[in-house]
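Heads up, the thing below is written out as structure tokens.
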Amino acid sequence: MTSEIVTFGCRLNAYESEVMRGLSASGPDTVIVNTCAVTAEAERQARQAIRKLARERPGARIVVTGCAAQIDPAAWAALPNVHRVLGNDDKLKPESWLPDAGSAVSDIMVARETAAHLVTEFASRARAFVQVQQGCDHRCTFCIIPFGRGPNRSVPIGVIAEQVRTLMAGGFREVVLTGVDIASYGPDLPGAPSLGQMIRRVLAAVPELPRLRLSSIDPAAIDADLWRLIAEEPRLMPHLHLSLQAGSDLILKRMRRRHLRADALAVIRRARDLRPGIAIGADLIAGFPTETDALFEETLGFVQETAIPYLHVFPYSERPGTPAARMPAVSKPIRKERAARLREAGRSEAHRFFLGHVGSVVSLLTEADDSGHSEHFAPVRLAQPSAPGRLLRALVTGSTQEQLLAEAA
């Protein structure tokens with residue numbers, strides 16, 4: 001019997017939880033908590049979950065892993081009923097899940113290699129995730145993740161293609177390429193292939209793959225091959241999620257990002273010129289240290305100017321050991337208020353984006369009996385049930401602020 005897993009954080013963490021699900025066979029009294037360190041709130045939620053498990057299931061053996069555990073293993077080992085703490089590298093090794101393997105706190109090292117782990121079971125039988133790289137070589141001033149994930153390491157193209165081929169044989173209809181910084185794919189591999197080159201070769205190697213999607217990407221590192229794919233490849237979905245973080249040049253410089261406002265504008269305009277109707281998403285941080293009202297309005301104005309429909313907004317969270325944690329802070333109530341304003345702007349843009357699809361026919365991947373996502377990653381509710389895992393054409397008959405309403409065409 002596989003262990004119960006509680007996952008916090010990003011898609012890569014979710015993918016790795018599925019890897020652990022396949023590796024672990026610790027019995028019904030073991031719970032794995034896969035932590036995240038991107039915000040203090042994510043860590044607080046994981047600690048709260050562990051304490052709740054200890055109270056409600058005092059006989060459970062809790063194994064803690066993930067980025068927060070990688071960065072401060074002793075603190076997690078001290079929580080009640082924690083049996084073991086595993087680093088991000090160890091959690092993906094089969095030997096870590098043998099009965100009675102290891103000590104309470106593993107000798108946690110920053111990983112230098114990335115093994116390829118094939119996951120063939122996901123909560124949705126329609127969409128699967130494939131890890132293409134791990135780690136990050138950049139040092140944004142707010143981010144602790146390089147300390148939890150280590151340097152950039154890429155999975156060879158042949159291994160990625162074989163994993164995608166296996167998933168297609170298992171009935172999946174869409175694959176999402178994921179990692180910590182997927183735009184940095186390739187420089188550590190022979191020939192230094194770019195992300196775009198890797199995608200082109202995977203699509204050629206697996207012609208039966210109908211839909212390929214990317215997770216969040218750095219706008220400063222979109223290579224020429226990827227731009228050509230955005231323009232010409234129908235199997236690459238018209239959906240680009242950008243790791244923007246801010247729309248103010250001064251804040252971007254203090255974040256030590258590799259792009260400025262004009263660069264982000266140029267990326268969005270180019271994407272829309274090459275692929276009319278493409279859906280744009282963005283990660284944004286509200287209330288970064290030194291962010292004045294005027295600087296925040298620059299970011300809010302950027303969202304409105306670019307009409308970005310999909311926003312993923314974080315109130316800034318101090319990460320001890322990062323340069324930003326030593327900068328003059330914005331009060332937490334102001335961070336939350338600014339995050340709420342950005343989210344409201346995002347909801348307005350999403351509603352406008354959804355309204356623009358009414359009367360059109362979309363390609364729908366069904367994930368539940370009556371719902372799924374379009375090629376633009378718009379949530380769709382079908383008027384009539386359909387089997388999960390189907391690709392079908394759907395006529396959009398209406399929309400709400402949260403989703404499209406459609407019927408099979």
Side-chain angles (χ1 to χ4, degrees), residues 2 5 7-24 32 34 66 88 91-92 94 114-134 154-183 185 195 198-217 226 229 233-241 279 281 310 312 362-369 371-380 386-392:
T2 57
I5 303 178
T7 304
F8 297 89
C10 64
R11 287 177 173 176
L12 181 57
N13 240 24
Y15 171 87
E16 290 173 341
S17 286
E18 297 303 325
V19 173
M20 289 188 285
R21 196 182 305 280
L23 295 174
S24 63
I32 301 167
N34 195 7
N88 274 328
K91 74 182 182 183
L92 303 180
T114 291
H117 300 277
L118 176 59
V119 177
T120 58
E121 295 293 332
F122 291 88
S124 166
R125 289 297 304 170
R127 178 179 297 107
F129 296 86
V130 171
Q131 180 187 359
V132 301
Q133 67 84 228
Q134 174 68 276
S154 307
V155 177
I157 295 174
V159 175
I160 296 170
E162 185 57 33
Q163 292 191 350
V164 173
R165 191 176 295 113
T166 300
L167 290 165
M168 292 302 100
F172 290 95
R173 310 300 292 158
E174 179 177 302
V175 165
V176 182
L177 301 184
T178 189
V180 175
D181 179 26
I182 65 170
Y185 178 88
L195 176 65
M198 178 269 283
I199 294 170
R200 177 169 48 80
R201 289 167 63 181
V202 169
L203 286 169
V206 194
E208 64 270 31
L209 169 64
R211 289 168 56 136
L212 182 67
R213 200 180 295 278
L214 306 180
S215 60
S216 182
I217 190 168
L226 182 51
L229 289 166
E233 178 51 69
R235 292 190 291 160
L236 181 63
M237 293 297 94
H239 171 219
L240 194 63
H241 192 93
Y310 302 149
H312 193 190
V362 300
S363 170
L364 172 65
L365 177 63
T366 58
E367 297 158 52
D369 289 344
S371 64
H373 282 82
S374 75
E375 65 269 46
H376 298 93
F377 207 62
V380 180
S386 177
R390 291 187 59 204
L391 270 176
L392 53 85

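Only heavy atoms go into these numbers, but all of them, side chains included; no hydrogens, no water, no symmetry mates.
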State, to 0.1 Å, how close [X] and [Y] come at their nearest heavy-atom pair, and which atoms those are.
X: Pro388; Y: Glu367; result: CB-O, 3.9 Å
X: Leu365; Y: Arg173; result: CD1-CB, 3.5 Å
X: Ala128; Y: Phe172; result: CB-CD2, 3.7 Å
X: Ala279; Y: His376; result: CB-O, 3.4 Å
X: Val176; Y: Arg127; result: CG2-CD, 3.5 Å
X: Ala387; Y: Thr366; result: O-OG1, 2.7 Å

Distance, nearest 0.5 Å, that separates [atom1] of [X] from [atom2] of [Y]:
X: Leu236; Y: Arg211; atom1: CG; atom2: CZ; result: 11.5 Å
X: Ile217; Y: Ile182; atom1: CD1; atom2: CD1; result: 5.0 Å
X: Glu18; Y: Asn13; atom1: CD; atom2: CG; result: 11.5 Å
X: Thr178; Y: Gln134; atom1: OG1; atom2: CD; result: 9.5 Å
X: Leu203; Y: Glu233; atom1: CG; atom2: CD; result: 5.0 Å
X: Glu162; Y: Leu167; atom1: CD; atom2: CG; result: 10.0 Å

Quick one: does [X]'s side chain have a donor or acceptor within less than 3.5 Å of a partner on [Y]'s backbone?
X: Glu375; Y: Val362; value: no
X: Arg165; Y: Ala205; value: yes
X: Gln133; Y: Val180; value: yes
X: Ser154; Y: Tyr185; value: no

Under the side chain to side chain contact (heavy atoms under 4.5 Å, CB included) rule, what do Val175 and Met168 come out as? Steps first, then yes or no, please. CA-CA 9 Å; Val175 165; Met168 292 302 100; 3.8 Å; yes

Output, in order, the C-alpha distance, side-chain angles, deciding distance and verdict of side chain to side chain contact (heavy atoms under 4.5 Å, CB included) for Ile199 and Arg201. CA-CA 5 Å; Ile199 294 170; Arg201 289 167 63 181; over 6 Å; no

Do the non-hydrogen side-chain atoms of Leu392 and Ser386 ever get within less than 4.5 Å of each other?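 Yes, at least one pair of side-chain atoms sits under 4.5 Å.
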
One thing to verify: whether Glu174 and Arg213 come together as a salt bridge, which I'm taking to mean a side-chain N less than 4.0 angstrom from a carboxylate O.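 Here Arg213 pairs with Glu174 in a salt bridge, since their nearest N and O are under 4.0 Å apart.
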
Please check if any side-chain donor atom of Ser17 sits under 3.5 Å from a side-chain acceptor atom of Asn34, or the reverse.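 Their side chains do contain a donor-acceptor pair, which is all the 3.5 Å distance test asks for.
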
In sequence, state the C-alpha distance, the side-chain angles, and the governing distance for Val202 and Leu212, and then conclude on side chain to side chain contact (heavy atoms under 4.5 Å, CB included). CA-CA 10 Å; Val202 169; Leu212 182 67; 5.6 Å; no

Can you confirm if the aromatic rings of Tyr310 and His239 lie within a centre distance of less than 6.0 Å?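 Here the rings of Tyr310 and His239 have centres that are less than 6.0 Å from each other.
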
Member of Val159, Leu214, Leu177, Ile157 meeting the side-chain contact (heavy atoms from CB on, under 4.5 Å) criterion with Val132: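 Per the side-chain contact (heavy atoms from CB on, under 4.5 Å) rule, the option paired with Val132 is Leu177, out of Val159, Leu214, Leu177, Ile157.
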
